[in-house]
Asks: 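Just dropping this structure here.
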Amino acid sequence: EKEELLNVFFIRVNEFELLKESLEIQRENQSSAKEIYKIIREQFLNGSASFTDISSVQTEVNRTTTEYFQTVIELVTKYYEIKKLVFQEF
């Protein structure tokens, strides 16, 4: 049983590390989407982008924001799973 707990612990830590990397990627994606939105918004206000263009980019901003926060939730959940395992006897 101790060996199994250790294996689960190391798996959870590895998953946590992967989620941290994923969170950074999600942060970059969100930042890029917001920058693109700013550009398209200016083009829309100048008449060189359509409503469809700005709507599409806003949808992408929403998607990347949702993915970012979903990853944050997964990361926090994984953290508490690890914390719970730490308090078990190995």
Side-chain angles (χ1 to χ4, degrees):
E1 175 155 315
K2 287 182 182 182
E3 210 172 292
E4 184 179 329
L5 280 174
L6 277 172
N7 284 336
V8 170
F9 174 78
F10 288 120
I11 289 169
R12 295 297 178 266
V13 169
N14 187 44
E15 291 170 343
F16 182 81
E17 291 300 319
L18 290 172
L19 282 168
K20 283 185 0 184
E21 291 174 19
S22 179
L23 186 64
E24 185 57 36
I25 292 168
Q26 295 302 332
R27 185 178 292 127
E28 291 170 9
N29 288 345
Q30 185 183 30
S31 178
S32 295
K34 286 180 177 181
E35 286 300 314
I36 292 169
Y37 176 80
K38 287 179 187 176
I39 293 166
I40 297 298
R41 182 178 181 274
E42 284 301 314
Q43 290 176 354
F44 177 75
L45 293 174
N46 292 331
S48 60
S50 70
F51 177 78
T52 303
D53 296 332
I54 198 165
S55 178
S56 175
V57 173
Q58 180 62 55
T59 299
E60 184 65 14
V61 169
N62 293 345
R63 183 188 66 77
T64 59
T65 301
T66 299
E67 288 176 357
Y68 173 80
F69 284 111
Q70 285 174 336
T71 304
V72 168
I73 290 168
E74 290 175 31
L75 191 65
V76 170
T77 301
K78 199 63 62 182
Y79 170 81
Y80 282 104
E81 287 176 11
I82 292 168
K83 192 172 181 177
K84 182 180 174 184
L85 285 171
V86 167
F87 289 113
Q88 294 185 17
E89 289 186 28
F90 287 99

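Hydrogens, waters and symmetry mates play no part in the numbers below; they use all other heavy atoms, side chains included.
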Asks: Tell me whether Val13 is reachable from Leu5 by hopping between hydrophobic residues (I, L, V, M, F, W, Y) whose side-chain heavy atoms are closer than 4.5 Å.
Replies: yes

Asks: Taking the side chain as every heavy atom from C-beta outward, state whether Asn29 and Tyr68 have any pair of such atoms under 4.5 Å apart.
Replies: no

Asks: Just to verify, what does Gln30 make a side chain to side chain donor-acceptor pair (under 3.5 Å) with, not counting sequence neighbours?
Replies: Thr65

Asks: With a 3.5 Å cut-off and no angle check, do the side chains of Asp53 and Ser50 form a donor-acceptor pair?
Replies: yes

Asks: Kindly give the heavy-atom pair with the smallest separation between Ala49 and Ile40, and that separation in Å.
Replies: CB-O, 3.9 Å

Asks: Checking side-chain contact (heavy atoms from CB on, under 4.5 Å) against Leu19, which of Leu75, Val72, Val76 comes through?
Replies: Leu75

Asks: Tell me whether Ile36 is reachable from Val61 by hopping between hydrophobic residues (I, L, V, M, F, W, Y) whose side-chain heavy atoms are closer than 4.5 Å.
Replies: yes

Asks: Of all the heavy-atom pairs spanning Thr71 and Ser22, show the shortest one and how long it is.
Replies: CG2-OG, 4.0 Å

Asks: If you measure from CD on Glu74 to CG on Leu18, what distance do you get to the nearest 0.5 Å?
Replies: 11.5 Å

Asks: Do Phe10 and Leu85 share a hydrophobic cluster, counting only Ile, Leu, Val, Met, Phe, Trp and Tyr and linking them when any side-chain heavy atoms are less than 4.5 Å apart?
Replies: yes

Asks: Would a hydrophobic clustering, with Ile, Leu, Val, Met, Phe, Trp and Tyr connected at side-chain separations under 4.5 Å, put Ile39 with Tyr37?
Replies: no

Asks: Taking the side chain as C-beta and beyond, is there a heavy-atom pair between Tyr80 and Lys84 under 4.5 Å?
Replies: no

Asks: Same cluster or not: are Ile82 and Ile73 linked, directly or through other Ile, Leu, Val, Met, Phe, Trp or Tyr residues, by side-chain heavy atoms under 4.5 angstrom apart?
Replies: no

Asks: Return the set of residues passing salt bridge (Lys or Arg N to Asp or Glu O under 4.0 Å) with Glu60 (not counting sequence neighbours), or none when no residue passes.
Replies: Arg63

Asks: Quick one: do Glu4 and Asn7 satisfy side chain to side chain contact (heavy atoms under 4.5 Å, CB included)? Show the steps, please.
Replies: CA-CA 5 Å; Glu4 184 179 329; Asn7 284 336; 5.5 Å; no

Asks: Can you tell me if Arg12 has over 12 outside heavy atoms packed within less than 6.0 Å of its CZ?
Replies: yes

Asks: Nearest 0.5 Å please: distance from the CD1 atom of Ile11 over to the CG atom of Leu6.
Replies: 11.0 Å

Asks: Quick one: are Leu45 and Glu42 in side-chain contact, heavy atoms under 4.5 Å?
Replies: yes

Asks: Name all pairs fulfilling the salt bridge (charged side-chain N to carboxylate O under 4.0 Å, His left out) condition that reach into residues 22-36, sequence neighbours left out, sorted by first residue then second.
Replies: Glu24-Arg27, Glu35-Lys38

Asks: Could you give me the CA-CA distance, side-chain angles and deciding distance for Asn62 and Gln58, then say whether side chain to side chain donor-acceptor pair (under 3.5 Å) is met?
Replies: CA-CA 6 Å; Asn62 293 345; Gln58 180 62 55; 2.9 Å; yes

